[in-house]
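This chain uses plain numbering: 1 for the first residue, then up along the sequence. Note that ligands are numbered from 1 as they come in the structure, with each ligand's atoms numbered from 1 the same way.
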Amino acid sequence: MSAENANRLPEKAAQDEVEAALYRKREKIYPREVHGIFALLRNLAMVALLGIFYGLPWVNWSGRQAVVFDLPARKFYIFGLTFWPQDFIYLSLLLIIAALSLFFFTALAGRLWCGYACPQTVWTEIFMWIERKIEGDRKDQIKLDKATISGRKLALKGAKHAAWILFALWTGFSFVGWFTPIKTLSAGLLSLDLGPWETFWILFYGFATWGNAGFMREQVCIYMCPYARFQSAMFDRDTLLIAYDEKRGEPRGSRKKGTDYRAQNLGDCINCQICVQVCPTGIDIRDGLQYQCIGCAACIDACDDVMDKMGYPKGLIRYTTENALEGGKTHLLRPRVVIYAGLLAVLFGALITALAVRVPLQMDIIRDRNALYLETPEGYTENVYTLKIINMTERSQTYRLSVSGIKGAELINREGKITVEGGAVMALPVRVRVDPVNLKTASSKINFLIESLTTPGLRLEQTGRFLGPAPR
Ligand code: SF4
Ligand code: SF4
């Protein structure tokens, strides 16, 4: 064998190992139940987020659902605000803020989102809770899965899946309730009269929940989630992460409580494997930082509990930074954190200001395309327009319309007041008459002012063009 071929062999073996890992049959993970401060925080986050998801569609505001994204009508209702397609800028700003917040919190505190707020984590937690209530904790689940088919096994598995499916369908129903008024949806469900799209989305979302939280679980984080792949680019040596203190823990080994383990040349890790057993992705944090770690902190709670029982100080596994682990100093304020925070503050300020000065009234000026202008027998020049007025408030508004910008310009068929119902669009044909002696050019600016008589201060001015004969 040539020397070159001999060198290639270990490389090939490593490659094969990676490939084998990719195609290896999934080994089911049975995470052990864990208690502690981070489990409590995770549960609080779960209750808050699920409370919003399932509860908010039932909240009423001024006689309608407080938050509903009415896609067919192309209107988003968020408490007292109604957003129209014309308000797309606010949605864009909100999405940019959300993305930047993710960057900011990841740079500052690592996988905070994955561990505490990601829907995949939250729903997996609740599905695991149901599983534990029915099948028991880790040991009971392993025993049940290894047992041969029996009436008890079928009953437990059946009950678990029935509970999962019911919960998943409720999730699908609540999801659709964000887009279709949930009370109408409930009435449709009770009378078995749901529309085809609503039925499809309830079943589809329910199925996705059941599959992702019941079966795929950590596989979604490890193989499917793009965020898991690129977030390491946002990490630096001062990013908060969960790590095992190797210097303190090694050499690991079992020992009796109260023995002088230092004399046995042992570190603080008693090699009980509990940190591995609680891990929802099935990894051993003691092997170092791994991309599979979703930062849930279950191993911290588990190990702290072990340390407590052994009478050792807590924190063998803890939130720390790479710099701190190596005995250095952690720098909270780094350029990237300051830049993200600065950008966030600017964008947030822009969003609040834009919402504060938002005028819930829209007017488009559409010129009549059939004639450039008309000359009346009295010698006046007339232009015809259609004004598209959108009342973006929820109450009926009475407006006064006026024109300015050209001396003597007057509306000749639209005197008085115009009433537009709340959330409605009105197409209003108008004619404007001008004495041609007042036209300085063949195309002059003309301003349409619309003022609400119902809501003082609600007004909008738009500029259009008035065409006429070229001045002689
Ligand atoms: S829980 Fe703590 S003591 Fe037990 S194996 Fe993990 S790191 Fe070691
Ligand atoms: S290693 Fe620890 S923090 Fe990471 S996923 Fe596992 S239990 Fe959660």
Side-chain angles (χ1 to χ4, degrees), residues 27-43 45-46 105-106 109-118 120-125 128 137-138 213 216-225 227-229 231-232 235 239-259 261-262 264-322 325:
E27 278 175 36
K28 189 173 171 193
I29 295 169
Y30 299 90
R32 183 178 168 142
E33 190 169 13
V34 65
H35 301 280
I37 180 74
F38 297 108
L40 179 70
L41 288 177
R42 258 198 330 279
N43 287 343
M46 184 174 78
F105 285 111
T106 305
R111 297 183 74 167
L112 216 52
W113 164 258
C114 300
Y116 295 86
C118 172
Q120 179 62 22
T121 307
V122 171
W123 265 281
T124 300
E125 282 275 342
M128 287 198 306
D137 201 7
R138 177 185 151 85
M216 296 177 68
R217 297 187 174 176
E218 80 289 347
Q219 311 253 344
V220 175
C221 311
I222 297 174
Y223 300 112
M224 292 163 68
C225 177
Y227 172 58
R229 299 277 153 185
Q231 64 179 309
S232 57
F235 279 29
T239 298
L240 206 59
L241 40 84
I242 292 167
Y244 164 72
D245 188 343
E246 204 178 318
K247 283 190 198 135
R248 190 186 137 188
E250 300 297 317
R252 64 187 79 163
S254 58
R255 79 286 311 259
K256 280 215 176 78
K257 187 180 173 185
T259 52
Y261 60 98
R262 299 275 180 222
Q264 299 168 45
N265 192 29
L266 286 174
D268 279 3
C269 174
I270 65 168
N271 205 16
C272 60
Q273 301 284 333
I274 291 179
C275 53
V276 184
Q277 291 171 13
V278 296
C279 179
T281 62
I283 57 168
D284 188 341
I285 190 76
R286 295 171 301 168
D287 293 342
L289 304 177
Q290 294 149 76
Y291 76 91
Q292 294 96 328
C293 172
I294 58 166
C296 68
C299 53
I300 301 186
D301 279 335
C303 187
D304 277 353
D305 200 28
V306 174
M307 294 293 108
D308 248 3
K309 284 183 184 143
M310 295 300 292
Y312 303 163
K314 289 179 180 179
L316 178 57
I317 302 175
R318 61 181 182 270
Y319 273 109
T320 182
T321 65
E322 276 189 74
L325 265 183

Quiz item: Would you say Asp245's side chain and Leu325's backbone share a donor-acceptor pair under 3.5 angstrom?
Solution: no
Exercise. Below 4.0 angstrom from a heavy atom of Arg286, which ligand 1 atoms are there? Numbered from 1 as shown, please.
Key: 5 (S), 7 (S)
Practice problem: Please tell me if the side chains of Thr239 and Thr106 come closer than 4.5 Å, counting only heavy atoms from C-beta onward. | Solution: no
Practice problem: Name the closest protein heavy atom to atom 8 (Fe) of ligand 1, giving the residue it belongs to and the distance to 0.1 Å. | Solution: Cys269 SG, 2.3 Å
Practice problem: Among Glu250, Arg286, Arg252, find the one that has a side chain to side chain donor-acceptor pair (under 3.5 Å) with Tyr244. | Solution: Glu250
Quiz item: For ligand 2, which atoms, with element, lie under 4.0 Å from some heavy atom of Ile285?
Solution: 1 (S)
Quiz item: So, Lys309 and Asp304, do they make that salt bridge, N to O below 4.0 Å?
Solution: no
Quiz prompt | Numbered atoms and elements of ligand 2 in range of Ile242, under 4.0 angstrom, heavy atoms | solution = 3 (S)
Quiz prompt | Contact atoms of ligand 2, heavy-atom distance to Ile283 under 4.0 Å | solution = 1 (S)
Quiz item: Are the side chains of Cys225 and Gln120 in touch, meaning some heavy atoms are under 4.5 Å apart?
Solution: no
Self-check item: Element-labelled atoms of ligand 1 that are located less than 4.0 Å from some non-hydrogen atom of Ile317
Solution: 7 (S)
Quiz prompt | Ile294 contact mode with ligand 2 (heavy-atom cut-off under 4.0 Å) | solution = both
Quiz item: Does Tyr312 have its ring centroid less than 6.0 Å away from the ring centroid of Tyr261?
Solution: yes
Quiz item: Counting N and O atoms only, with roles assigned by atom type, does the side chain of Arg217 sit under 3.5 Å from a partner on the main chain of Thr124, one being a donor and the other an acceptor?
Solution: no
Practice problem: Heavy-atom contacts with Cys275 under 4.0 Å: which atoms of ligand 1 show up? List them by number with element. | Solution: 1 (S), 5 (S), 6 (Fe), 7 (S)
Quiz item: Nearest non-hydrogen atom to atom 4 (Fe) of ligand 1 belongs to which of Gly253, Cys272, Gly249, Gly267?
Solution: Cys272
Quiz item: Hey, is Ile300 touching ligand 2 through its side chain, its backbone, both or neither, going by heavy atoms under 4.0 Å?
Solution: neither
Quiz item: Does Met307 reach ligand 1, in the sense of a heavy atom lying below 4.0 Å from it?
Solution: yes
Quiz prompt | Protein contact to atom 2 (Fe) of ligand 1 [nearest heavy atom, distance to 0.1 Å] | solution = Cys303 SG, 2.4 Å
Quiz item: Side chains of Thr121 and Arg111: does their closest heavy-atom pair fall under 4.5 Å?
Solution: no
Quiz item: Counting only heavy atoms not in Gln273, do more than 12 sit closer than 6.0 Å to its CD atom?
Solution: yes
Quiz item: Which option out of Asp301, Ile274, Ile270 puts a heavy atom nearest to atom 3 (S) of ligand 1?
Solution: Ile270
Quiz item: Cys299 heavy atoms, cut-off 4.0 Å: which ligand 2 atoms fall inside?
Solution: 1 (S), 2 (Fe), 3 (S), 7 (S)
Quiz prompt | Contact with ligand 1 for Gln273, non-hydrogen, under 4.0 angstrom | solution = yes
Self-check item: Identity of the nearest option to atom 6 (Fe) of ligand 2, non-hydrogen atoms only, from Cys279, Ala298, Cys293, Cys114
Solution: Cys279
Quiz prompt | Minimum-distance pair of heavy atoms, taken over all atoms of Ala298 and Val34 | solution = O-CG2, 3.6 Å
